[in-house]
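To start, the structure itself, in structure tokens.
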Amino acid sequence: MTFRVGSLSTLQFNMFNRRNVQNTTLALQRAGQEVSTGRKADIYADLGPRSASVMKLRAREADTQTYMQSNAVLGSKLEAMMTSVDSVRGRIQSVLEVTLSNATRPQNGAEVLQREARAALESLVATMNTSYNGDHLFSGLNSDVPPLMRWDQTNPATSLSPEDVLADLFGAGPTDAASATAIADAIDAAFDSADLGDPNRDFEATFYNGSPELDGGGSPTKQVNAWVNTGQEIVYGVRANDEAFREAFKGLAMLATTDISTMNEAAYGTYMNRVVEALTTGQEGMLDASARIGFNQQIVETTQSQLVDLSLVQRTQISQYESVDPYEAITRMQNLENQLEASYQVSARLSGLSILNFLR
């Protein structure tokens with residue numbers, strides 16, 4: 001009797017079929033993932049050298065999204081700053097109107113100017129101490145602290161309040177035009193942080209806690225800035241120690257420290273003239289600050305619109321690289337399912353065979 005041995009043993013065939021089933025199953029899982037997600041399961045393997053382009057596109061899109069998120073926050077901060085400045089300017093305007101009507105002599109509500117100025121001061125300080133997400137908007141780089149002290153609040157650094165400083169500078173009050181000029185000059189020096197007699201009376205020592213106007217070398221300190229796009233930076237800082245807010249605070253403080261209706265007639269006109277000058281300068285400066293904030297808002301809005309368009313283009317390009325044809329993926333998945341089913345059928349038939357099937 002002669003026995004013929006086949007070139008492929010049953011064991012070898014089973015091992016081959018098992019590997020084939022494993023490979024087909026993995027391919028089916030991959031195809032199923034692509035059908036459900038619409039994206040290539042292994043982008044870099046499928047794209048080969050072109051995958052570098054996808055990586056660059058994704059990096060640029062990540063940067064774009066970061067700028068868009070930060071610009072959204074910046075836009076909200078600028079809106080809050082604009083609202084605050086306009087609110088303070090409105091309060092200054094109302095006090096200025098009453099002041100102008102009493103500029104030469106106390107005749108039309110002058111007796112209430114002290115209370116009006118005190119209320120406006122409280123409003124100015126509260127508004128300028130506005131914070132957004134924990135950052136005080138008008139403190140400059142020192143945004144962790146509120147910039148202005150309240151009228152009667154003692155500054156721990158000097159043990160003085162703004163009210164104390166003005167009371168010291170005003171003293172017993174002016175008795176004539178010359179003494180009114182001297183008192184106004186002393187107040188000017190304090191608010192210019194140039195009071196050489198007592199540095200604790202300076203605006204930036206007792207009234208203000210944010211970033212100083214000048215550094216130790218006498219150069220202007222850095223303002224708050226933001227990058228709104230690659231290579232595009234804006235400086236948007238408005239600080240409570242800017243001239244407009246100093247002048248507004250000064251004019252209100254000059255009114256809040258005394259009842260002008262009881263002031264000596266010889267000194268009244270001179271003193272009130274300096275008050276009007278300070279309030280007018282403050283109001284005009286705030287209008288300029290609002291214009292600068294509005295200009296920065298336009299820059300942010302325009303840049304944000306450009307970034308949205310850029311993001312759409314980048315995401316479209318990424319999709320072209322990474323997306324799969326859904327019809328091709330479904331067809332491939334169906335073919336793999338049929339192939340896997342056939343493999344299982346062969347395996348089932350082989351498992352049912354024995355030597356008895358071939359004995360005669």
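- With sequence neighbours left out, the side-chain hydrogen bond (donor to acceptor under 3.5 Å, both in side chains) criterion links Asn225 to Glu233.
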Review item, side-chain donor-acceptor pairs of residues 276-287, under 3.5 Å, at least two apart:
| residue | atom | partner | partner atom | Å |
| --- | --- | --- | --- | --- |
| Thr280 | OG1 | Val276 | O | 2.7 |
| Thr281 | OG1 | Glu277 | O | 2.8 |
| Gln283 | NE2 | Gln93 | OE1 | 2.0 |

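- Counting only residues at least two apart or on different chains, the ring pair (Phe, Tyr, Trp, His ring centres under 6.0 Å) pairs with a member in residues 265-305 are Phe170-Tyr271.
- Asp215 pairs by the salt bridge (charged side-chain N to carboxylate O under 4.0 Å, His left out) definition with nothing, not counting sequence neighbours.
- For residues 101-144, the set of pairs meeting the ring pair (Phe, Tyr, Trp, His ring centres under 6.0 Å) definition, not counting sequence neighbours, is empty.
- Taking the side chain as every heavy atom from C-beta outward, Arg274 and Asp185 approach each other to under 4.5 Å.
- Asn142 meets the side-chain hydrogen bond (donor to acceptor under 3.5 Å, both in side chains) test with no other residue; sequence neighbours excluded.
- Not counting sequence neighbours, the partners of Asn241 by the side-chain hydrogen bond (donor to acceptor under 3.5 Å, both in side chains) test are Glu204, Tyr208, Arg239.
- Partners of Thr64 according to the side-chain contact (heavy atoms from CB on, under 4.5 Å) rule, which considers only residues two or more places apart in sequence or in another chain, are Glu61, Met68, Leu307, Leu310, Ser311, Gln314.
- Ring geometry for Phe191 against Phe203 counts as tilted: the plane angle lies between 30° and 60°, on a 0 to 90° scale.
- Residues Thr221 and Leu214 fail the side-chain proximity criterion, which asks for heavy atoms closer than 4.5 Å.
- In this structure, the salt bridge (charged side-chain N to carboxylate O under 4.0 Å, His left out) partners of Arg150, at least two apart in sequence or on a different chain, are Glu122.
- For Asp242, there are no side-chain hydrogen bond (donor to acceptor under 3.5 Å, both in side chains) partners two or more places apart in sequence or in a different chain.
- Salt bridge status for Asp86 with Arg89: present, with a side-chain N to carboxylate O gap under 4.0 Å.
- Among residues at least two apart or in separate chains, there is no ring pair (Phe, Tyr, Trp, His ring centres under 6.0 Å) pair with a member in residues 56-112.
- In the hydrophobic cluster analysis, where Ile, Leu, Val, Met, Phe, Trp and Tyr join through side-chain heavy atoms closer than 4.5 angstrom, Leu166 is grouped together with Phe249.
- Linking ILVMFWY residues whenever their side-chain heavy atoms come closer than 4.5 Å, directly or via other members, places Val73 and Ile293 in the same cluster.
- Partners of Asp168 by salt bridge (charged side-chain N to carboxylate O under 4.0 Å, His left out), not counting sequence neighbours, listed by chain and number: Arg201.
- Using a 4.5 Å heavy-atom cutoff, the side chains of Val224 and Val238 are not in contact.
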